[in-house]
Amino acid sequence: MRLPDKTGAIEGAIAAIPDGATIMLGGFGVPGTPFLMIQELVRQNKRDLTIIKNDANETGMGVDHLLVAGCVRRLITTHLGLNANAIRMMNEGTIEVEFCAQGMLAERIRAGGAGLKGFVTDIGIDTEMGRGKQRVEIGGEVAMIETALRADVALLHAAQADTFGNLRFAATARNFSPLMAMAADTVIVEAEEIVTLGTIAPEDVHTPGPFVDHVVHVPNLSEEYAVVRR
Amino acid sequence: MRLPDKTGAIEGAIAAIPDGATIMLGGFGVPGTPFLMIQELVRQNKRDLTIIKNDANETGMGVDHLLVAGCVRRLITTHLGLNANAIRMMNEGTIEVEFCAQGMLAERIRAGGAGLKGFVTDIGIDTEMGRGKQRVEIGGEVAMIETALRADVALLHAAQADTFGNLRFAATARNFSPLMAMAADTVIVEAEEIVTLGTIAPEDVHTPGPFVDHVVHVPNLSEEYAVVRR
Amino acid sequence: MSDAKSRMIARAARDIAPGMTVNLGIGLPTQVVNHLPGDFPVCLHTENGLTGIGPTLPHDRADRNLIDAGGAYVSTIPGSAFFDSATSFALVRSGRLDLTMLGAFEVAENGDLANWKIPGKFSPGAGGGMELAQKARRVAVLTTHTDRAGNPKLLTRCTLPLTAAGCVDRIFTDMAVIDVTPAGFALRELAQGVTIEDVKQATGAPLHIPSGAIPTF
Amino acid sequence: MSDAKSRMIARAARDIAPGMTVNLGIGLPTQVVNHLPGDFPVCLHTENGLTGIGPTLPHDRADRNLIDAGGAYVSTIPGSAFFDSATSFALVRSGRLDLTMLGAFEVAENGDLANWKIPGKFSPGAGGGMELAQKARRVAVLTTHTDRAGNPKLLTRCTLPLTAAGCVDRIFTDMAVIDVTPAGFALRELAQGVTIEDVKQATGAPLHIPSGAIPTF
């Protein structure tokens, strides 16, 4: 046996994403955000997207390009504090925003990726984040059901990928990416380095290749990857 | 800052486990089973234990020593097919056995480790494994609640640990261990090799040190670690 | 192994398409891999935490930490990955397993599968079989057409506790290839030397026979 | 920074015991680390996936992929570990976080905390604060005793949306160290030059004054 090759070009991989798609984007702040694939979404003028990402980056970078270009209908996120533009669009009603506690967003995505329907938790039960959520009793205690999240597509940035899609992430760029890799019908990864099969030792794989559909090479990173404006 | 040292001796770490404790044991078959700590449990004659482990190893090894010595009251497991002794004790009523589907056992342990109360799934819904489980409706579909599992103690075998308890597992010896490391109040790890802080690169850690309480060195493995009798 | 069994296994191997991720259950299904060409592009999964299973190894060359879910010493190939049991079943339940091939005690014409328990006789626990059966995108069963006593294993309804309901897509036996369809069992192929009547007689449920020639394997 | 604020931060640092795993929230709490001895045995956690946070780095020496949850460039120390966001919050929710120190808009005498939303003015989302507040074994708040307009932040009941109910154990302010007890706020220590009366006046809820001398920080 040999493992299949999943490498391809960024344009074609992104072209297959329809308008109206639900898209998970890796990244917490700058690290892990797939800036080049986001730019390609904007270039191909995708419309009516639901975006699932920890944050909306900052004004002028990443998710903000999608917002400004009018690609986004709905945003599921944990924090918009560094993007005044996103908060303005939310307040004006230009975009819908669903807020999750950060660990709840991570866990909802993981539940989708683990083929579960949801999970039972007491996080936020005494807060407005707990409103409207289905209650259940376990062992005499009342808790809430958080529903699993899945997406049509996940766009992820990896430090290293092999041709089968085994992935390694750098430092805190890992964050939501391994979870999103499990939770989308199609997973597209931009990798700074693409290596031959066997270069990544089996013990050192962060995301196993079977979760990944397409690997695109991004040898030349845009300025966004290193710039922090704060 | 520097990270605390958690290394110690096997006898003391095991001595703190009371009779009646619920103990998770890593391992799927031979790989990952903490045979030396199991032997120490037997030597210290712990009683009335609830053991959570994928399988009961084989007759004459690992969990079987605990069964033969009468240490076990209850076993939560997925498969006893290679231990005729365990099946006999179950049928005779000498031990209680609770069977889970394998991925459900893994996920219940992970849910405990993730501080969740449980999760919602349809696995086994049409089978006798689904009997007696609380039903809920999500998105118009009926599913079941599987409750989280936690333990007083997890006993794990690692290939490598640093003095803070960052762990690496070998090959398929990983299996349930990273999940159990999150799901027990006290986590004791026997490691074939103990290395200085910084030897394991931060990107290459399988289980982060904060989940681990005690690390004991087992430079001389017993015959059980390599013997397969089938 | 009988010639018929061996042809059944070889025939099952032809249902593995290039690029698939596949889990081959303990027993007969494990042997399907021996019938794949050496450079065939496929990813084999085992539920104890490995994708990219390489050849089985003799004990003296084995890595003591590297087994498959059946306990056999296996190896890695370039691109293999190890992961924990939760990730392993996440892969199964989230739809990333294109195909599983499993053994069976009984298969019903509605696709119900029983392969883990015989009350009072055999109850070792379900292991990972339930999730493979319920969640793999495609479930194939490899089994002798009848049990040792000659009783049919393909039935109108299962009598044993189910592994999963309505999960089986196709059955490979030493007599035939049979699909589970909305109308029940449908004959697709015949083993060499086996007649339609032979299969009908050995099957404990109605068997739909399509018009036209039935291919042989 | 005022001398009083700086002493508050130094005092908070003394509540970190050797061997703890600690999450220091964005803002004032982050600065607590500067008051720990260089070889102090503690593990700092940040919710974007790192245990063992090392010193912050200037931009020109930073690793672009290595930040804390506040976006600051940080570094590793020997024994650091990276992990994904689910594992990071598993650590928080499963009780492995011995202590978190958080900022506050309001704290109530029953331990309720509000620090994420001011309806109509500030609603950027809760980030990771809810789980830190609800699940860390011990929750300390660092805050100025009053807001910029001089209004008390320690109240009988919170008026803003809660981050978590009944979660706060101790409050460090520029005026005092106050514990949340079953009987409400209890004064433990006074900042230099601050009187009991000063604290009472600046607190929007009854303040229990223990008998005996009140230590100063």
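Chain naming here is simple, since letters A, B, ... match the order of the sequence lines and numbering starts at 1 in each.
- If you check the side chains of Asn54(B) and Thr78(B), you find a donor sitting under 3.5 Å from an acceptor.
- Side chain to side chain, Gln39(B) and Glu224(B) meet the donor-acceptor criterion of an N or O pair below 3.5 Å.
- Of the atoms belonging to Glu203(A), heavy atoms from both backbone and side chain fall under 4.5 Å from chain B.
- Of the atoms belonging to Ala171(B), heavy atoms from both backbone and side chain fall under 4.5 Å from chain A.
- None of His157(B), Gln160(B), His217(B) except one satisfies the side chain to side chain donor-acceptor pair (under 3.5 Å) rule with Glu192(B); the exception is His157(B).
- In this structure, the portion of Ile145(B) lying under 4.5 Å from any heavy atom of chain A is its side chain and not its backbone.
- Most heavy-atom pairs under 4.5 Å with chain A, from the set Asp204(B), Val136(B), Thr147(B): that is Asp204(B).
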Show, in sequence, the C-alpha distance, side-chain angles and deciding distance for Lys117(A) and Glu146(A), and conclude whether the salt bridge (charged side-chain N to carboxylate O under 4.0 Å, His left out) test is met. CA-CA 9 Å; Lys117(A) 309 287 186 191; Glu146(A) 289 274 359; over 6 Å; no

